[in-house]
Amino acid sequence: MEFRHLELLREFADRGSVTAVAEATYRTPSAVSQQLKTAQREAGMALVEPHGRGLRLTEAGRLLAAGGSDVAAALARVEARWDAFRGEPAGVVRIASLPSAATFLMPPVLAALAGSGIEVAVSDYDVAEAEYADLTADNDIVVAHSLTSARPAGTRSEAVVPLAREPLDVAMSSAHPLAARGHVTADEAAGCAWIGVPAGYPFDTVLQSVSAVTGAELDVRQRIRDNRLIEALVAESSLVAILPRFTTPSGGGLVLRELRGVPSLRHVCAVMRPDRAERLAVRRVVAALRAAGAAAEERGVPERRC
């Protein structure tokens with residue numbers, strides 16, 4: 001079995017359709033289909049089968065796709081050793097990150113890598129937790145988060161490296177009755193009117209936990225993705241919201257209060273294809289991300305109590 005065919009099957013496993021593979025690999029759909037047929041002839045058995053309007057991998061196809069990932073990782077390890085032998089790593093490392101984590105991670109990472117041979121290209125994505133794994137197909141590192149595990153949902157075969165553990169607090173106007181308290185209990189939170197996030201986004205897990213612990217149906221007035229918009233709305237209203245502690249600004253009428261009685265901590269991590277995780281340049285960037293995450297945890301919380 002030729003490696004190019006294993007690589008093609010791995011791409012099909014990651015992307016799920018002939019059209020998606022063609023777009024990602026700059027080929028036509030007919031060329032991809034022809035190469036799949038060639039791979040099947042070489043293997044002597046069916047590697048894909050009809051499924052709905054498209055195709056899916058057979059059990060044999062999934063086995064070879066996994067083998068393609070193993071071979072790619074082995075080649076990447078050799079390339080990493082070669083890069084180390086020649087000197088400092090170089091090249092472009094593509095990062096896809098949720099914006100709220102990139103805010104405290106990326107400035108120190110870019111500063112640490114300035115003047116090196118590594119060029120970091122950052123894109124921001126605000127998607128549901130289970131969708132971050134899909135971004136590894138087109139990026140070297142995906143910075144994702146989860147409230148339930150250090151391994152985000154959907155990251156079954158990807159390499160995952162923890163970067164930081166960040167508390168999530170209840171954000172409110174400084175004029176809110178609960179702002180005079182040092183913390184907010186689950187029962188107090190259940191009695192508030194909320195700005196939430198869309199279902200499937202990690203922060204929504206906190207509201208679900210409050211509802212489960214108290215037995216109350218929460219009053220969620222809005223569901224918004226953008227943290228900056230949420231901050232502005234909360235500061236000028238009686239609504240409250242869950243926001244990350246490291247990057248939510250104090251002042252301007254906005255305060256944060258610790259939520260007690262339910263889990264309210266998110267795991268921020270780097271998610272990568274196993275082969276890309278072996279690249280020396282990628283490993284250097286991950287090391288810089290870990291250092292930035294550790295520094296954010298060590299700084300702790302700026303004084304926000306009124």
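Counting from 1, the numbers follow the sequence of the chain as shown.
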If hydrophobic clusters are built from ILVMFWY residues whose side chains come within less than 4.5 Å, do Y201 and L265 share one?
no
Would you say the side chains of R266 and H145 form a donor-acceptor pair under 3.5 Å?
yes
Minimum side-chain heavy-atom gap L259-L168 below 4.5 Å:
no
Hey, any chance F3 and L8 share a hydrophobic cluster, counting ILVMFWY side chains that come within less than 4.5 Å of each other, even indirectly?
yes
Sub-3.5 Å donor-acceptor pair from the side chain of Y132 to the main-chain atoms of Y125, do we have one?
yes
E2 atom CD, neighbour heavy-atom count above 12 within 6.0 Å
yes
Okay, side chain of Q40, backbone of V48: is any donor-acceptor separation there less than 3.5 Å?
yes
Is there side-chain contact between H176 and C192, with heavy atoms separated by less than 4.5 Å?
yes
Can a salt bridge be assigned to the pair E297 and R165 using a cut-off of 4.0 Å between side-chain N and carboxylate O?
no
Does any non-hydrogen side-chain atom of L178 lie less than 4.5 Å from one of V170?
no
Can you tell whether the side chains of D140 and R273 come within less than 4.0 Å, N to carboxylate O?
no
Taking the side chain as everything from C-beta on, heavy atoms only, tell me whether L147 gets closer than 4.5 Å to V206.
yes
Expected output: side-chain T136 to main-chain A133 donor-acceptor under 3.5 Å:
yes
State whether the side chain of S149 and the backbone N or O of P152 hold a donor-acceptor pair below 3.5 Å, judged by distance alone.
no
Selection residues 62-82 - residue pairs positive for ring-ring contact (aromatic ring centres under 6.0 Å, His included), sequence neighbours left out:
W82-F85
Say whether N227 and E231, considering side chains only, have a donor N or O and an acceptor N or O under 3.5 Å apart.
no
Can you tell if the side chain of D219 reaches within under 4.5 Å of the side chain of W194, non-hydrogen atoms only?
no
Cluster overlap L289 with L280, hydrophobic side-chain contacts below 4.5 Å:
no
Residue that, paired with Q35, satisfies side chain to side chain donor-acceptor pair (under 3.5 Å) out of R27, H5, R4:
R27
Of all heavy-atom pairs linking F104 and V268, the shortest is CZ-CG2, 4.4 Å
Between the CZ atom in R279 and the CD1 atom in I141, the distance rounded to the nearest 0.5 Å is 8.5 Å
Table please: side-chain donor-acceptor pairs of residues 108-119 below 3.5 Å, with sequence neighbours left out.
from: S116; atom 1: OG; to: L113; atom 2: O; distance (Å): 2.7
from: S116; atom 1: OG; to: I118; atom 2: N; distance (Å): 3.2

Look at R257 together with D169 and state whether they make a salt bridge at an N to O cut-off of under 4.0 Å.
no
Closest approach of R62 and L57, non-hydrogen atoms and distance?
NH1-O, 3.2 Å
For T148, is there any backbone N or O sitting under 3.5 Å from a side-chain donor or acceptor partner on S146?
yes
Would you say CD of E236 has more than 12 non-hydrogen atoms from neighbouring residues, nucleotides or ligands within 6.0 angstrom?
no
Taking the side chain as every heavy atom from C-beta outward, state whether I230 and Q222 have any pair of such atoms under 4.5 Å apart.
no
Intermediate values then yes/no, side chain to side chain contact (heavy atoms under 4.5 Å, CB included), R181 and H183:
CA-CA 5 Å; R181 300 286 308 278; H183 64 271; 3.8 Å; yes
Any donor-acceptor N/O pair, E166 side chain to H267 backbone, under 3.5 Å
no
So, do M45 and T58 sit near enough that their side-chain heavy atoms are less than 4.5 Å apart?
no
Less than 3.5 Å apart, any donor N or O on the side chain of S17 or T19 sitting next to an acceptor on the other?
no
May I ask you to decide whether R10 forms a salt bridge with D275, counting only side-chain N to carboxylate O separations under 4.0 Å?
yes
Trace of the salt bridge (charged side-chain N to carboxylate O under 4.0 Å, His left out) decision for E158 with R156
CA-CA 6 Å; E158 286 77 16; R156 295 175 299 277; over 6 Å; no
Looking only at non-hydrogen atoms, find the nearest pair between A216 and A190 and report the distance.
CB-CB, 4.0 Å
Can you get from L47 to L36 by hopping between Ile, Leu, Val, Met, Phe, Trp and Tyr side chains that sit under 4.5 Å apart?
yes
Sidechain-backbone polar pair: S211 side chain, L207 backbone, donor-acceptor under 3.5 Å:
no
In terms of side-chain geometry, is the basic nitrogen of R77 or E278 positioned less than 4.0 Å from the acidic oxygen of its partner?
yes
Once ring-ring contact (aromatic ring centres under 6.0 Å, His included) is applied, what residue pairs with a partner in residues 53-77 remain, sequence neighbours excluded?
none
Can you name the closest pair of heavy atoms from V143 and S97 and give their distance?
CB-OG, 3.4 Å
Test item: R151 side-chain N/O and T155 main-chain N/O as donor-acceptor pair under 3.5 Å
yes
Which pair of non-hydrogen atoms, one from R276 and one from N139, has the smallest distance, and what is that distance?
NH1-O, 3.2 Å
Hey, are the side chains of S123 and R94 touching, using non-hydrogen atoms and a 4.5 Å cut-off?
no
